[in-house]
Structures are given as structure tokens and as C-alpha cells.
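One structure below.
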Amino acid sequence: MPPSGLLGSRLWLSRAMSRCVLEPRPPGKRWLVAGLGNPGLPSTRHSVGMAVLGQLARRLGVAESWERDRRCAADLALAPLGDAQLVLLRPRRLMNANGRSVARAAELFGLTAEEVYLVHDELDKPLGKLALKLGGSARGHNGVRSCISCLNSNAMPRLRVGIGRPTHPDAVQAYVLGCFSPAEQELLPPLLDRATDLLLDHIRERSQEPSLGS
């Protein structure tokens, strides 16, 4: 069992990450939640998945518990959710290579693709719209495409966070790599709250389902 308290949790995570495989699975289920984006560009539309992870970490009381794991080139934080355990992940690789960090973390924690949640921006939905998709194609998203390739599966549940699409097709790259406008930034706090609620409700529901073979 991990030590109690915030300091104890951080020490547990540090010790666990020093081994090839983390400590035995908790009594309940374990889920990996990855916020896709570009490190160093947290305020851009393309990194809104990382913003959701930040709000999720605050909600779960682990916002100060992020630890860098060099093996998967990502920041990790562990959080309990009832009998389940969440592994929060922010890749330190560029969006097009996010999948390498996600797949390595899934391997280290002994997780299947179905136990990995991806949170990412969605051009085809207006800002403020959310959709939870269970598997399927990348729909042109390079970060999701990287995850599908590295995990060799398209079964990952995905929380798609709408950012809207620019009018001119040639403006897409500059748009996604740009920061939210002041007006858009006013919409972000309630959007991040709703995204966190949707994620937690879905994970809680799945955590109550019987495990295969049980």
C-alpha cells in the first residue's frame, strides 16, 4: 500500500518509477488518462487536452504531485478514484510523437488500449462542445494517430474537446498552434470543469463493471 498523505504519495511514485514495473495493481481497476499536446505550449488550442489534465489533477488533489518519468518521456501523477487508480500523463514529446509516451506508460503500468483514455482537441466541434468516443479512427488528428500506431490499437476511449475550425483551410496549422483569444479564454474554466466531470463519470461507471475472467 502507498504511504498516506501527499508527501507519501510522491515518495511512493518516485520509488515505483525507479523499477521496471510499478507496484502491484490496486484492488480496483487502473486507468491511464493522457492529455495530448505539445510540451512548452500549454495555452494553445492544440494542447487543450493538457489543460483538461491539469483541471483533473486539481480536482483529484494531485496538482502538486507531478513527477517526471524519463522512461516514457512524460510527467505522471497517481490519484485514487474510489477503489480505482488513475495514472495521469502529460507527454513531454511533440504531439506527433505523443503515442510513444502513452504506449510506454501503458506498458509500464500493465494496461491495455481499452484502459487508456486520450484527451485531445477536436477541430470539427465548436469550442465548448465535448464528445466521448469509444475507439475508431484518428480523424486526422496526428496525436491520436501516433497513439494508434504505437499502441497497435484504435480501441482507446477519447474525450474530444471542441476548439472550432478556422474559415480558411490554409489557416488550420496556425490556428491550432495559436493561443485562445480573450473571449475564448472566458469559456475555458467551465469547459474544463465539464470535461473533468465527463471523464470521471465515465471512468467511475466503467470501474464498476466486472473484470474479464472475474
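- Residue Met95 comes nearest to Ser146 through the heavy atom pair O-CB, 4.4 Å, listed as atom of the first residue, atom of the second, then distance.
- A distance of 9.5 Å separates CZ of Phe180 from CG of Leu187, quoted to the nearest 0.5 Å.
- Under the 3.5 Å distance criterion, the side-chain polar atoms of Arg70 are left unmatched by any main-chain donor or acceptor of Arg68.
- Annotation for Pro80 and Leu60: closest pair O-CD2, 4.2 Å, computed over non-hydrogen atoms.
- When the side chains of ILVMFWY residues are joined at heavy-atom separations under 4.5 Å, either directly or via intervening members, Leu36 and Met50 end up in two distinct hydrophobic clusters.
- Nearest heavy atom pair, residue Leu132 against residue Pro157, reads CD2-CB, 4.4 Å.
- With rounding to the nearest 0.5 Å, the separation of CG in Asp69 from CZ in Arg92 is 10.5 Å.
- Cluster annotation: Val52 is not connected to Leu41 through the hydrophobic network of ILVMFWY side chains, with a link wherever side-chain heavy atoms come within less than 4.5 Å.
- Shown are His46, Arg45, Arg160; of these, the side chain to side chain donor-acceptor pair (under 3.5 Å) with Asp121 is made only by His46.
- Contact of the Leu53 side chain with the Trp66 side chain is registered, since non-hydrogen atoms from C-beta on lie closer than 4.5 Å.
- Atoms CG and OG, on Asn142 and Ser149 in that order, are 11.5 Å from each other to the nearest 0.5 Å.
- Residues Val87 and Leu78 form a side-chain contact, since some pair of their non-hydrogen atoms from C-beta on lies under 4.5 Å apart.
- Hydrophobic clustering (ILVMFWY, side-chain heavy atoms < 4.5 Å, transitive): Leu159 and Ile203 are in one cluster.
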Hey, mind stepping through His202 and Trp31 against side chain to side chain contact (heavy atoms under 4.5 Å, CB included) and telling me if it holds? CA-CA 11 Å; His202 196 264; Trp31 311 96; over 6 Å; no

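- With hydrogens and angles disregarded, no donor-acceptor distance shorter than 3.5 Å links the side chain of Arg139 to the backbone of Val144.
- Around NZ of Lys129, the count of heavy atoms belonging to other residues, nucleotides or ligands within 6.0 Å does not exceed 12.
- Pairing each heavy atom of Cys72 with each of Ala105, the nearest pair is CB-N, 4.0 Å.
- The backbone N or O of Leu192 sits less than 3.5 Å from a side-chain atom of Thr196, completing a donor-acceptor pair.
- Atom CZ of Arg100 is surrounded by 12 or fewer heavy atoms from other residues, nucleotides or ligands within 6.0 Å.
- Taking a cutoff of 4.0 Å between a charged side-chain nitrogen and a carboxylate oxygen, Asp201 and Arg204 qualify as a salt bridge.
- Annotation: the span from Met156 atom CE to Ile148 atom CD1 amounts to 5.0 Å, rounded to 0.5 Å.
- Leu94 and Val48 fall into different hydrophobic clusters, where Ile, Leu, Val, Met, Phe, Trp and Tyr are joined by side-chain heavy atoms under 4.5 Å apart, directly or via other members.
- Distance check: Leu88 CG to Asp75 CG gives 11.0 Å after rounding to the nearest 0.5 Å.
- Asn98 places a side-chain N or O within donor-acceptor distance of the main-chain N or O of Gly37, the cut-off being under 3.5 Å.
- Between Ala103 and Leu151 the shortest heavy-atom distance is CA-CD2, 3.7 Å.
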Verdict with supporting geometry, Glu107 and Arg71, side chain to side chain contact (heavy atoms under 4.5 Å, CB included): CA-CA 11 Å; Glu107 178 186 12; Arg71 296 166 304 165; over 6 Å; no

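- Between the side chain of Lys29 and the backbone N or O of Glu115 there is no donor-acceptor pair closer than 3.5 Å.
- In terms of modelled atom types and a separation under 3.5 Å, the side chain of Glu186 and the main chain of Ala183 share no donor-acceptor contact.
- In plain terms, the two heavy atoms of Arg58 and Ala63 that are nearest each other are CG-CB, 3.7 Å.
- A distance of 10.5 Å separates CG of Asp197 from CG of Leu56, quoted to the nearest 0.5 Å.
- When side chains are defined from C-beta on, Lys125 does not count as touching Leu130, because their heavy atoms never get closer than 4.5 Å.
- Residues Phe109 and Leu89 fail the side-chain proximity criterion, which asks for heavy atoms closer than 4.5 Å.
- Ser101 places a side-chain N or O within donor-acceptor distance of the main-chain N or O of Ala73, the cut-off being under 3.5 Å.
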Extract all donor-acceptor atom pairs below 3.5 Å that involve side chains of residues 169-176 and protein atoms in other chains or at least two apart in sequence.
residue	atom	partner	partner atom	Å
Tyr175	OH	Ile163	O	2.4

